[in-house]
Protein chains: 2
Amino acid sequence: MKNSPISIETVKNLLEAKGVKPSFQRISVLKYMLQKKNHPSVDMIYQNLITQIPTLSRTTIYNTLKLLNKKRVIASLSISDTELRYDYISDPHDHFLCKQCGQIFDIDALTEAMEPKEINGHDVHEVQVNAKGICSSCRAKMN
Amino acid sequence: MKNSPISIETVKNLLEAKGVKPSFQRISVLKYMLQKKNHPSVDMIYQNLITQIPTLSRTTIYNTLKLLNKKRVIASLSISDTELRYDYISDPHDHFLCKQCGQIFDIDALTEAMEPKEINGHDVHEVQVNAKGICSSCRAKMN
DNA sequence: ATTTAAATTTGTAATGATTACAAACAGAGA
DNA sequence: TCTCTGTTTGTAATCATTACAAATTTAAAT
Ligand SMILES: [Mn+2]
Ligand SMILES: [Mn+2]
Ligand SMILES: [Zn+2]
Ligand SMILES: [Zn+2]
């Protein structure tokens, strides 16, 4: 349940389907996200991939995430006070951020399929529901 | 509807009720927020108050907002990609951020009184619902 | 009123995430 | 091979936020 193996081919097809040229770096970033499902920050991705791709540049991570976000492959979560976190776009769901350990957990959508295209005359592109608190694991450690 | 006049006394009482010593700077910050209702960033507050308080330090704004947040007088909104925004805590409501002009608008809560104390075993302290898109005014200007 | 201690404010330096930018590199034809 | 285009890389700049200590203000004690 932690690290589902995903083939390069799968990721490659995914990228091509979204109109993104599947470079080695782009495949690596998306593969990491699909496997870890950990809503990583730029640095989490970088620190992991640099061990396999010694020439990797942080700028490439920024470029790739920006591109994947524009192509609607991934969402950027403004849930943390300090850094953006990213998530592969699949079924709609909400997020819980632990203020203690910084982990972000998926939670069932707190409200039924809420995707209004318009609110108060404003053009709505996306809606994110962010819960914050202390995760069960951190709370256990506190006792 | 834009700039409701609020008396110093009112703000002072508000602070004292929450256990915050009402210094001149703290009163100024909270008064600004109550009047403008614009979900300001640190810099928006600073740029406005510096005209009346020439000795004001940005650090004081940071200190004050952190204190008011801890005392649950204001909420910090992680809705923008670039900076924290702040909002006086009153009735529960949601927010809409315009990606064009950066303004944040109040919107009716998209879901009925959703304040679960626990989700998936996690301890929930707060839930924020953030919509993003293009505000009506900006869309009008685009045509 | 003086003195003392505590709380608040201020200014400056450091940190850290993100962006800007230009050079280096790689791949696909011609 | 040459050229064009897109991608990656490294470095510098920007900007929000935090760290920290000195200066100032406030409140309390004598
Ligand atoms: Mn998720
Ligand atoms: Mn609001
Ligand atoms: Zn935790
Ligand atoms: Zn707008």
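Everything numeric here is computed off the predicted structure, so don't read it as measured data. All chains are named by letter (A, B, ...) in the order of the sequence lines, taking the proteins before the strands, and each is independently numbered beginning at 1.
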Between protein and nucleotides 21-30 of chain C, what N or O pairs are separated by less than 3.5 Å?
none

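When all heavy atoms are compared, the tightest approach of B:Leu14 to B:Tyr88 is CD2-OH, 3.2 Å. Of all heavy-atom pairs between A:Ser7 and A:Thr10, the closest is OG-OG1, 2.7 Å.
Atoms CG and CG, on A:Leu97 and A:Asn130 in that order, are 8.0 Å from each other to the nearest 0.5 Å. The distance from the CZ atom of A:Arg58 to the CD1 atom of A:Ile50 is 8.5 Å, given to the nearest 0.5 Å.
There is a side-chain donor-acceptor pair under 3.5 Å between B:Asp106 and B:His95.
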For a quick test of your reading: what N or O donor-acceptor pairs under 3.5 Å do the side chains of residues 120-127 of chain A make, sequence neighbours left out?
residue: A:His122; atom: ND1; partner: B:Ser136; partner atom: N; Å: 2.9
residue: A:His125; atom: ND1; partner: B:Lys99; partner atom: NZ; Å: 3.4
residue: A:Glu126; atom: OE1; partner: A:Gln128; partner atom: NE2; Å: 3.4

Expected list for residues 65-80 of chain A: side-chain donor-acceptor pairs under 3.5 angstrom, two or more places apart:
residue: A:Asn69; atom: ND2; partner: A:Ile74; partner atom: O; Å: 3.0
residue: A:Ser78; atom: OG; partner: B:Lys132; partner atom: NZ; Å: 2.6
residue: A:Ser80; atom: OG; partner: A:Thr82; partner atom: N; Å: 3.0
residue: A:Ser80; atom: OG; partner: A:Thr82; partner atom: OG1; Å: 3.1
residue: A:Ser80; atom: OG; partner: A:Glu83; partner atom: N; Å: 3.4

Result block: side-chain N/O donor-acceptor pairs under 3.5 angstrom for residues 21-31 of chain A, not counting sequence neighbours:
residue: A:Ser23; atom: OG; partner: A:Arg26; partner atom: N; Å: 3.2
residue: A:Arg26; atom: NH1; partner: A:Lys21; partner atom: O; Å: 3.0
residue: A:Ser28; atom: OG; partner: A:Phe24; partner atom: O; Å: 2.8
residue: A:Lys31; atom: NZ; partner: A:Gln35; partner atom: OE1; Å: 3.4

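When rounded to the nearest whole Å, the span between CD1 of B:Ile53 and C1' of D:dT24 equals 15 Å. Atom CD1 in B:Ile61 sits roughly 11 Å away from atom C1' in C:dT9 (whole-Å rounding). If you take CG of A:Leu49 and P of D:dT9, they are 11 Å apart, rounded to a whole angstrom. Counting to the nearest Å, the P atom of C:dT18 and the OH atom of A:Tyr46 are 15 Å from each other. Rounded to whole Å, the distance from OH on A:Tyr62 to C1' on D:dT7 is 19 Å. For the pair B:Ile45 CD1 and C:dT9 P, the interatomic distance rounds to 14 Å; values are reported in whole Å. The nearest whole Å value for the distance from the CG atom in B:Asp43 to the P atom in D:dC15 is 10 Å. To the nearest angstrom, C1' of C:dT18 lies 11 Å from CZ of A:Arg58.
Residue contacts shown for B:Thr55 are limited to sugar-phosphate atoms, with no base heavy atom under 4.0 Å away.
When the nearest nucleotides of DNA chain C are assigned to A:Ser41 and B:Thr64 by heavy-atom distance, the more 5′-ward of the two goes with B:Thr64.
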- Stepwise side chain to side chain contact (heavy atoms under 4.5 Å, CB included) test for B:Met44 and B:Lys36: CA-CA 11 Å; B:Met44 289 164 75; B:Lys36 296 285 185 104; over 6 Å; no
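Residues from residues 80-89 of chain B placing a heavy atom under 4.0 Å of any atom in DNA chain C do not occur. Residues of residues 22-34 of chain B that place a heavy atom closer than 4.0 Å to DNA chain D do not occur.
The side chain of B:Thr60 places an N or O atom within less than 4.0 Å of a non-bridging phosphate oxygen (OP1 or OP2) of C:dT10.
Both B:Val42 and B:Val20 are assigned to one and the same hydrophobic cluster, defined by single-linkage of ILVMFWY side chains at heavy-atom distances under 4.5 Å. The hydrophobic clustering, which links ILVMFWY residues whose side-chain heavy atoms are closer than 4.5 Å, places A:Ile89 and A:Ile104 apart.
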